[in-house]
There are 2 protein chains.
Amino acid sequence: MKLPHYIQNVVPFPADELEDIISYFEKETVQKNTLLVKEGQVCSKLYIVEKGVGRSYYLKEDGKEITQWFFVEGQFMSSIESFFQQNPSLYYLEMLEDSVVYSITRENLDLLFARYHNMEKLGRLLSTEMLTRVVNKLNAIQFQTARERYDYMLNEYPDIVNRVALGHIASYLGMTQETLSRIRKAETRNRS
Amino acid sequence: MKLPHYIQNVVPFPADELEDIISYFEKETVQKNTLLVKEGQVCSKLYIVEKGVGRSYYLKEDGKEITQWFFVEGQFMSSIESFFQQNPSLYYLEMLEDSVVYSITRENLDLLFARYHNMEKLGRLLSTEMLTRVVNKLNAIQFQTARERYDYMLNEYPDIVNRVALGHIASYLGMTQETLSRIRKAETRNRS
DNA sequence: GGTTTCTTTTGACCTATATCAAATAATACA
DNA sequence: TGTATTATTTGATATAGGTCAAAAGAAACC
């Protein structure tokens, strides 16, 4: 069980606090392609991925799926706004591989935030870390060519590139799958 | 002085805690076009805008300024990654009008985070709020036409649109100023 | 108040990437 | 293992918005 490590890595907790915190998490085994949350539902849990990859996505008016974020081992995964504001989720959460995740409900998380000062700190640090990631992606998307965005992805999330469908990566990077396919072709040519 | 209100609005503090917290902030009056932080400097302070508008921006390789974010009354303003990680800022921070801001240093903020559980909570909530905003912008930038992005801006930040230079808004929205100028022209035509 | 400087608008042209359509390849499943 | 389904590649064509250049308008400054 790696959950304690994920937590200790961000904020060191005394053993007893850590044990108490862990006890509020529940282990869930989920199959490939399972939806953890659907659009319109209130997202009641925050997940931490122990094994597998997940993604959040939404449907454009024309029905196309747009991948919004990928979640890998050690990352927390949720439809954040829905989870914290308790309003209907704009996103689907899906596991792309057979996975193991730990989950905690909003009530229990609030309870832990209130009980442990350090827990609040953990929340703050994870939140600013996520903020930095999103800002980086925004910069990449906003001012780089399709090619440069793919390179950014290769650098920032090299493992994901080879684990998930090309179409998912393309929509994550804000381009069509045709364009990404052409970029990949060009890159292999250049590399060999 | 509105600082106490800004804080109480997010997390209610006991009067004595609030007073102590406020005492660590310093009031600064800054003139239009003043840079609070330059690229390459470590951003040593977090600001809260009491009056005026600020922006963060960076320079592309070709020397063009790209506005990354606007900050208005009641918002905290900083080169967040630089401030929290204490590494050189990628961004400039600039006040676009004659302004009044409150500032706090990293050391003092950390001291307050450690001293008050509620302060940590404030940090967490502000951070998730910012995260939501950035995610919204990312979605707008990634999948909307230039026209739709301007409409998003009119909705989300109507006051800013009429306070800052067109060129700043254009780069914030990921388009050229020529394009934004044409969009505005088309919109006035439609509206009248 | 006139001149300089900065900002916005307008026009002509161009390019990166989207769209549409179809072929091929890979994966799942019976 | 063969067939159905889904994902990826390839080609032809279209377009939103970029680039460059210059004019018009607004603001700043002596």
Side-chain angles (χ1 to χ4, degrees), chain A residues 31-35 53 55 57 59-67 70 94-98 140-153 160-192, chain B residues 31-35 53 55 57 59-67 70 94-98 140-153 160-192:
Chain A
Q31 283 203 309
K32 188 171 170 167
N33 299 327
T34 305
L35 293 177
V53 207
R55 65 163 182 151
Y57 70 93
L59 297 179
K60 279 211 295 189
E61 318 77 58
D62 60 5
K64 278 187 189 147
E65 292 181 1
I66 304 298
T67 297
F70 292 109
E94 180 187 29
M95 298 311 299
L96 298 171
E97 301 176 350
D98 291 344
I141 292 285
Q142 191 163 9
F143 291 107
Q144 299 191 322
T145 62
R147 171 69 180 271
E148 288 167 333
R149 276 176 270 157
Y150 183 62
D151 289 341
Y152 147 84
M153 176 100 194
I160 290 179
V161 171
N162 301 306
R163 282 170 80 178
V164 311
L166 174 137
H168 295 158
I169 296 171
S171 72
Y172 173 79
L173 292 176
M175 64 186 80
T176 61
Q177 53 175 22
E178 291 95 328
T179 296
L180 181 52
S181 174
R182 289 180 178 116
I183 288 169
R184 273 197 174 166
K185 193 183 172 191
E187 299 239 325
T188 5
R189 219 189 351 260
N190 291 348
R191 225 177 295 115
S192 56
Chain B
Q31 282 204 309
K32 189 171 172 167
N33 298 327
T34 305
L35 294 178
V53 206
R55 67 163 180 150
Y57 70 93
L59 298 179
K60 280 212 295 188
E61 319 77 58
D62 60 6
K64 277 186 189 147
E65 292 181 1
I66 304 298
T67 296
F70 291 110
E94 179 187 29
M95 298 311 300
L96 298 171
E97 302 176 350
D98 290 343
I141 293 284
Q142 191 163 7
F143 292 106
Q144 299 192 320
T145 62
R147 172 69 180 272
E148 287 167 335
R149 276 175 271 157
Y150 183 61
D151 288 342
Y152 146 85
M153 176 100 193
I160 291 178
V161 171
N162 301 306
R163 282 170 81 177
V164 310
L166 173 137
H168 295 158
I169 296 171
S171 72
Y172 173 79
L173 292 176
M175 64 186 79
T176 60
Q177 52 175 24
E178 291 94 327
T179 296
L180 181 53
S181 175
R182 289 182 179 114
I183 287 169
R184 273 196 174 167
K185 193 184 171 190
E187 299 238 325
T188 9
R189 218 187 355 258
N190 292 347
R191 223 177 296 117
S192 55

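Note on naming: letters A, B, ... go to the chains in the order of the sequence lines (proteins, then strands), and numbering restarts at 1 for each one. Only heavy atoms go into these numbers, but all of them, side chains included; no hydrogens, no water, no symmetry mates.
The ring pair (Phe, Tyr, Trp, His ring centres under 6.0 Å) search around A:Tyr152 returns none, not counting sequence neighbours. Residues meeting the side chain to side chain donor-acceptor pair (under 3.5 Å) test with A:Glu94, sequence neighbours left out: A:Arg55. For A:Phe70, the ring pair (Phe, Tyr, Trp, His ring centres under 6.0 Å) criterion is met by A:Tyr172, not counting sequence neighbours.
In this structure, A:Glu187 pairs ionically with A:Arg147, as a charged nitrogen and a carboxylate oxygen lie closer than 4.0 Å.
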Worksheet item: Using a cut-off of 4.0 Å between protein heavy atoms and nucleotide atoms, how would you tag nucleotides 13-30 of chain D 5' to 3' with B, S and -?
Response: ----SSBBB------S--

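At a threshold of 4.5 Å between non-hydrogen side-chain atoms, the residues B:Leu173 and A:Gln142 do not count as touching. For the pair A:Glu97/A:Val164, no side-chain contact is recorded, criterion being any heavy-atom separation below 4.5 Å from C-beta on. A:Ile169 is listed as a side-chain neighbour of A:Leu180, based on a closest heavy-atom distance under 4.5 Å. Within the 4.5 Å cutoff, side-chain heavy atoms of B:Glu65 are placed close to those of B:Leu59.
Here the side chain of B:Gln144 pairs no donor or acceptor atom with the backbone of B:Ile141 at under 3.5 angstrom. Between the B:Ser171 side chain and the B:Thr67 main chain, a donor and an acceptor come within less than 3.5 Å of each other.
Rounded to whole Å, the distance from NE2 on A:His168 to P on D:dA7 is 7 Å.
The shortest distance between the side-chain N/O atoms of A:Lys185 and the OP1/OP2 oxygens of D:dT10 is below 4.0 Å.
Recorded end-axis angle for the helix from C:dG1-D:dC30 to C:dA30-D:dT1 stands at 50°, based on five pairs per end and rounded to 10 degrees.
Protein chain B contacts DNA chain C over a range whose 5' and 3' limits, counting nucleotides with an atom under 4.0 angstrom from a non-hydrogen atom, are C:dT8 to C:dA12.
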